[in-house]
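The structure appears right after this line, and notes come after that.
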Amino acid sequence: QVQLVESGGGLVQAGGSLRLSCAASGRTFSSYAMGWFRQAPGKEREFVAAISRSGSSTYYGDSVKGRFTISRDNAKNTVYLEMNSLKPEDTAGYYCAADRKGTIDRYSGNPDEYDYWGQGTQVTVSS
């Protein structure tokens with residue numbers, strides 16, 4: 001069992017930056033691949049980024065490539081999402097998720113691949 005708690009969301013102007021954090025409970029964090037998803041009102045959940053258990057592999061959704069960076073610190077049981085050049089269309093609730101498989105592949109963009117989810121943190125980008 002893994003419990004995930006996101007933080008770092010808020011209101012930012014277009015062009016600005018935010019860093020989200022996702023703190024995990026438990027001693028098995030380093031065995032999980034981790035992902036970030038987002039969901040805006042009335043829209044489907046969208047894949048943002050994923051990272052393998054070691055941190056050596058990453059994978060990004062097309063809409064955030066070159067602007068967002070996912071990273072993790074297994075010693076701190078935390079995964080991060082650095083978001084730069086934010087746009088109003090990035091406004092959404094952001095959720096982290098854990099995949100016990102540990103590795104990432106082309107299926108890592110599918111929310112059904114993930115076993116545990118956090119409650120989310122809201123990001124609002126003003127124009």
Side-chain angles (χ1 to χ4, degrees):
Q1 185 81 9
V2 175
Q3 293 184 324
L4 305 171
V5 179
E6 301 94 336
S7 61
L11 175 65
V12 63
Q13 288 189 329
S17 299
L18 278 176
R19 188 175 82 155
L20 306 183
S21 299
C22 173
S25 65
R27 293 176 290 178
T28 59
F29 173 76
S30 61
S31 68
Y32 288 84
M34 299 296 296
W36 284 97
F37 289 78
R38 66 187 183 186
Q39 189 166 18
K43 295 188 176 182
E44 291 187 353
R45 189 159 290 193
E46 179 188 8
F47 170 69
V48 175
I51 189 167
S52 61
R53 59 185 168 221
S54 68
S56 60
S57 298
T58 57
Y59 176 44
Y60 294 92
D62 289 340
S63 62
V64 306
K65 280 180 183 176
R67 299 189 299 123
F68 290 12
T69 302
I70 188 171
S71 62
R72 67 190 297 161
D73 185 338
N74 286 341
K76 295 183 178 179
N77 279 14
T78 303
V79 62
Y80 304 97
L81 185 69
E82 184 75 34
M83 304 186 295
N84 298 314
S85 302
L86 282 161
K87 306 174 183 180
E89 51 263 45
D90 294 318
T91 295
Y94 281 71
Y95 301 84
C96 70
D99 178 3
R100 65 166 64 99
K101 183 176 65 182
T103 56
I104 60 172
D105 52 32
R106 66 182 186 273
Y107 302 109
S108 295
N110 183 349
D112 294 338
E113 291 291 303
Y114 294 82
D115 304 289
Y116 303 102
W117 291 83
Q119 294 299 307
T121 185
Q122 179 66 32
V123 172
T124 303
V125 184
S126 63
S127 57

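The figures here come from the full heavy-atom set of this structure, side chains too, leaving out hydrogens, waters and symmetry mates.
The two atoms that bring Met34 and Val79 nearest to each other are CE-CG1, 3.9 Å, heavy atoms only. Here the shortest heavy-atom pairing between Ala24 and Val2 reads CB-CG1, 4.1 Å. Residues Tyr116 and Leu4 approach most closely at O-CD1, 3.6 Å, considering heavy atoms. Taking each heavy atom of Val123 and Met83 in turn, the nearest pair found is CG2-CE, 3.8 Å. Closest approach of Tyr114 and Ala50 over heavy atoms only: OH-CB, 3.7 Å. Nearest heavy-atom pair, Tyr60 versus Phe47, reported as atom, atom and distance to 0.1 Å: C-CE2, 3.6 Å.
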Ser52/Thr103 under side-chain contact (heavy atoms from CB on, under 4.5 Å): CA gap, chis, key distance, verdict = CA-CA 5 Å; Ser52 61; Thr103 56; 5.6 Å; no

Mind running side-chain contact (heavy atoms from CB on, under 4.5 Å) on Ser126 and Gln13 for me, showing each step along the way?
-> CA-CA 5 Å; Ser126 63; Gln13 288 189 329; 3.7 Å; yes

Evaluation steps, side-chain contact (heavy atoms from CB on, under 4.5 Å), between Ser7 and Thr121 = CA-CA 6 Å; Ser7 61; Thr121 185; 5.7 Å; no

Trace of the side-chain contact (heavy atoms from CB on, under 4.5 Å) decision for Ser21 with Lys76 = CA-CA 11 Å; Ser21 299; Lys76 295 183 178 179; over 6 Å; no

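Placement of Leu18 and Tyr80 in two distinct hydrophobic clusters is found when ILVMFWY residues are connected by side-chain heavy-atom separations under 4.5 Å, directly or transitively. Residue Trp36 is grouped with residue Leu86 when hydrophobic side chains (ILVMFWY) are merged at heavy-atom distances under 4.5 angstrom, including chains of intermediate members.
Counted within 6.0 Å of CD on Gln122, heavy atoms from surrounding residues, nucleotides or ligands total more than 12; the atom is thus considered enclosed. No more than 12 heavy atoms of other residues, nucleotides or ligands lie within 6.0 Å of CD in Gln3, so this atom counts as exposed by the packing criterion.
Contacts classified as salt bridge (charged side-chain N to carboxylate O under 4.0 Å, His left out) and involving residues 105-119 (residues at least two apart or in different chains) are given here: Arg100-Asp115, Lys101-Asp105, Lys101-Glu113.
In this structure a side-chain-to-backbone donor-acceptor pair under 3.5 Å is present from Glu6 to Cys96. Side chain of Arg72 to backbone of Gly55: no donor-acceptor contact under 3.5 angstrom is found. When atom types are taken as modelled, the side chain of Ser56 and the backbone of Ser54 share no donor-acceptor pair closer than 3.5 angstrom.
Rounding to the nearest 0.5 Å gives a distance of 11.0 Å between OG of Ser30 and CG of Asp73. Here the CD atom belonging to Gln39 is positioned 8.5 Å from the CD atom belonging to Glu44, to the nearest 0.5 angstrom.
Contact check on Asp90 versus Lys87 returns no salt bridge, with no Lys/Arg side-chain nitrogen under 4.0 Å from an Asp/Glu carboxylate oxygen.
A side chain to side chain contact (heavy atoms under 4.5 Å, CB included) with Ile51 is found for exactly one of Ile70, Leu81, Ile104, Thr69, namely Ile70.
Ring orientation note: the planes of Tyr95 and Trp117 are nearly perpendicular, at an angle over 60° on the 30°/60° scale.
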